[in-house]
Amino acid sequence: MSITAYGALRSHGAGTLGTADVGATVTVAGWVQSRRDHGGVAFLDLRDRSGLVQVVADPEASEALEAAHRVRTEWVVRVTGTVRARPEGMVNDKLATGAIEVAATAIEVLSEADTPPFPIEDGIEVSEEVRLKHRYVDLRRPRLARNLRTRAQVVSVIRQVMERHGFIDVETPQLTRPTPEGARDFLVPARLQPGTSYALPQSPQLFKQLLMVAGIERYYQIARCFRDENLRADRQPEFTQLDLELSFADEEDVYGLMEELFAEVWREVLDVELPLPFPRLTFGESMRRFGTDKPDLRYGLELAHLDEVFADTQVGVFKGVLDAGGSVVALAVPGGSELTRREFDNWTEWAKRRGAKGLAWAVVEAPSGGSDVPALRSPLTKHMSDAEVAGVIATCEAEVGDAIFFGAGTTRFARALMGALRVELAQDRGLVQTSGPDGGEWRFVWIVEPPMFDPADESDDPTAATAQGWVPNHHPFTSPAPEFIDDFEQRPGEATTRAYDIVLNGVELASGSVRIHDAELQRRVFRFLGVSDEAAEEKFGFLLRGFGYGVPPHCGIAPGLDRIVMLLTGEDSIREVIAFPKTQSGGDPMTEAPAPYDEVSLRDLGLRLAPKPASG
Ligand code: ASP
């Protein structure tokens with residue numbers, strides 16, 4: 001015996017029936033999507049994973065009709081009957097099975113159901129709390145069911161591409177030592193060794209590097225990662241990566257592999273041909289032009305730097321910032337002169353909420369008074385020289401009818417502010433449509449040559465406190481660029497690495513790097529980060545010892561599966577593509593995890609939970 005196509009309880013999938021089946025006796029089973037009871041005759045829409053079919057019960061089969069009177073939505077039933085063409089005028093073109101119906105001879109109730117918390121239909125607004133509490137009902141809705149199928153399809157394509165190139169799937173431990181990726185660890189107390197704890201891996205990073213030492217050469221894994229950090233729409237405490245590593249290879253191998261992989265996924269899932277290769281942008285250029293290392297290239301609105309234009313300015317706010325070594329960064333909005341005074345004020349308030357002192361603005365007007373240079377109308381212009389006005393317009397490449405916004409502060413702050421404004425304005429001005437299964441643009445870009453370190457005081461990396469002023473921009477196993485290997489300690493603010501990210505439409509999809517494969521260089525990086533040789537030995541001795549036994553040059557990358565599927569399905573949160581996700585506060589309303597632990601088990605683990613801090 002082998003498995004039947006629809007399970008032994010059924011002969012067909014509800015959504016597979018059509019005019020070719022007319023006259024056949026079939027058995028279908030599924031959930032009652034809806035019921036229309038006209039007394040003498042009752043109609044049920046029956047739903048299974050293949051789709052919907054209409055079932056008719058009439059007095060000729062009185063037991064079936066009686067059962068049809070009794071059933072309610074979401075009951076699970078099994079129907080035997082004959083497929084017949086629907087009468088003229090009753091054909092439903094919107095339904096794949098709309099030309100036929102099943103005339104029931106028997107209806108068997110397999111299970112009754114409580115009234116569902118919300119209708120099983122797309123497009124119905126339901127609070128996330130209610131959706132997640134009844135996720136099993138939520139997942140019956142077509143959109144979510146489709147998202148899970150797309151996810152499985154993506155994984156299947158990934159496996160094909162990886163295996164085509166000789167990568168093998170190797171599992172790595174979930175109960176392990178901390179792997180630093182810039183987040184906090186989830187800890188699991190070890191009962192058998194009181195006073196100790198496992199950490200859940202933030203990534204398989206250390207193990208995949210040791211697999212390279214082991215001679216596996218090409219490793220991949222659809223890996224679950226755990227990071228305890230503040231949640232956002234595109235973050236979850238546990239998430240899934242395609243994790244991979246390869247030996248005797250460099251950046252170009254990774255670029256080629258990833259481009260082939262993404263092209264194949266987009267072709268298989270969306271039937272879209274991605275233009276290859278993906279463009280490359282250095283981190284520095286991306287920050288300068290877009291104010292972020294995750295640029296959305298579907299629209300322009302590039303940032304303009306006005307430090308030279310305002311080098312001798314009398315505009316007080318700009319002068320103060322420039323004298324202190326900061327920057328004035330501007331952004332021209334095509335057609336922005338139609339913004340109302342109130343809208344300009346709202347943007348200023350928006351900037352203040354992000355920590356700016358304000359947000360200056362100006363409108364570009366036609367030249368007047370015999371001049372051929374357009375004019376700027378703005379609360380600021382009275383202090384601006386003609387040369388500055390001309391310089392602003394030229395540097396921003398602005399035209400009459402545009403608006404210009406100005407942000408000022410430290411260079412880092414001004415760029416980040418204006419980069420965020422760029423994204424908000426593009427949304428607000430309708431410059432960007434959501435990309436997804438129904439179309440839209442796919443602008444992939446490699447971001448390369450990132451800095452080796454970020455200033456620790458701007459980081460939420462939990463190791464920042466001990467990091468002597470700097471934290472790794474990627475992770476501490478990333479190779480410095482060759483020209484910084486000898487002296488990155490002397491110029492940490494300048495040093496770059498051989499790391500790379502893939503960004504798609506403003507979303508970071510993958511990060512990776514060429515790794516350090518020299519134990520002494522690795523120790524120097526740790527030392528620079530404030531990890532003494534003893535501490536490095538204690539935390540990462542197994543890696544460093546491994547390096548002592550012959551380590552090939554190696555590199556890798558890890559694309560985030562949840563984000564890839566989110567973009568492919570046109571969703572705006574990864575929660576829509578994860579079967580059982582957690583809320584923004586890290587809870588699961590269905591299982592009510594995390595939950596208090598019982599005293600006995602805690603004692604067994606040698607633990608006592610501190611009481612919840614009193615609020616207020
Ligand atoms: N382990 C890194 C991460 O999870 C990715 C990589 O460098 O391969 O972010």
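Counting convention: from 1, in listed order, for ligands and their atoms alike.
Under 4.0 angstrom from ligand 1, there are no non-hydrogen atoms of Q209. Only side-chain heavy atoms of K208 come within less than 4.0 Å of ligand 1; its backbone N, CA, C and O stay farther off. By the criterion of a heavy-atom distance under 4.0 Å, the backbone of I557, and not its side chain, is placed next to ligand 1. For E245, no heavy-atom contact with ligand 1 is shorter than 4.0 Å.
Considering backbone and side-chain atoms together, Q241 places an N or O closer than 3.5 Å to an N or O of ligand 1. The shortest N or O to N or O distance between R515 and ligand 1 is under 3.5 Å.
A ring-centre distance under 6.0 Å is not found for F226 and F239.
Near S511, with a cut-off below 4.0 Å to any heavy atom, the atoms of ligand 1 are 5 (C), 6 (C), 7 (O), 8 (O). The distance from ligand 1 to the heavy atoms of A558 drops below 4.0 Å at these ligand atoms: 5 (C), 8 (O). Short contacts between ligand 1 and S203, defined as distances under 4.0 Å to a heavy atom of the residue, involve ligand atoms 1 (N), 4 (O).
The residues K133 and E128 are annotated as not salt-bridged, no charged nitrogen and carboxylate oxygen being separated by less than 4.0 angstrom. Salt-bridge annotation for D296 and R443: absent, with no side-chain N of the basic residue lying under 4.0 Å from a carboxylate O of the acidic one. Ion pair R527/E489 not flagged as a salt bridge, since none of the NZ, NE, NH1 or NH2 atoms sits closer than 4.0 Å to an Asp/Glu carboxylate oxygen.
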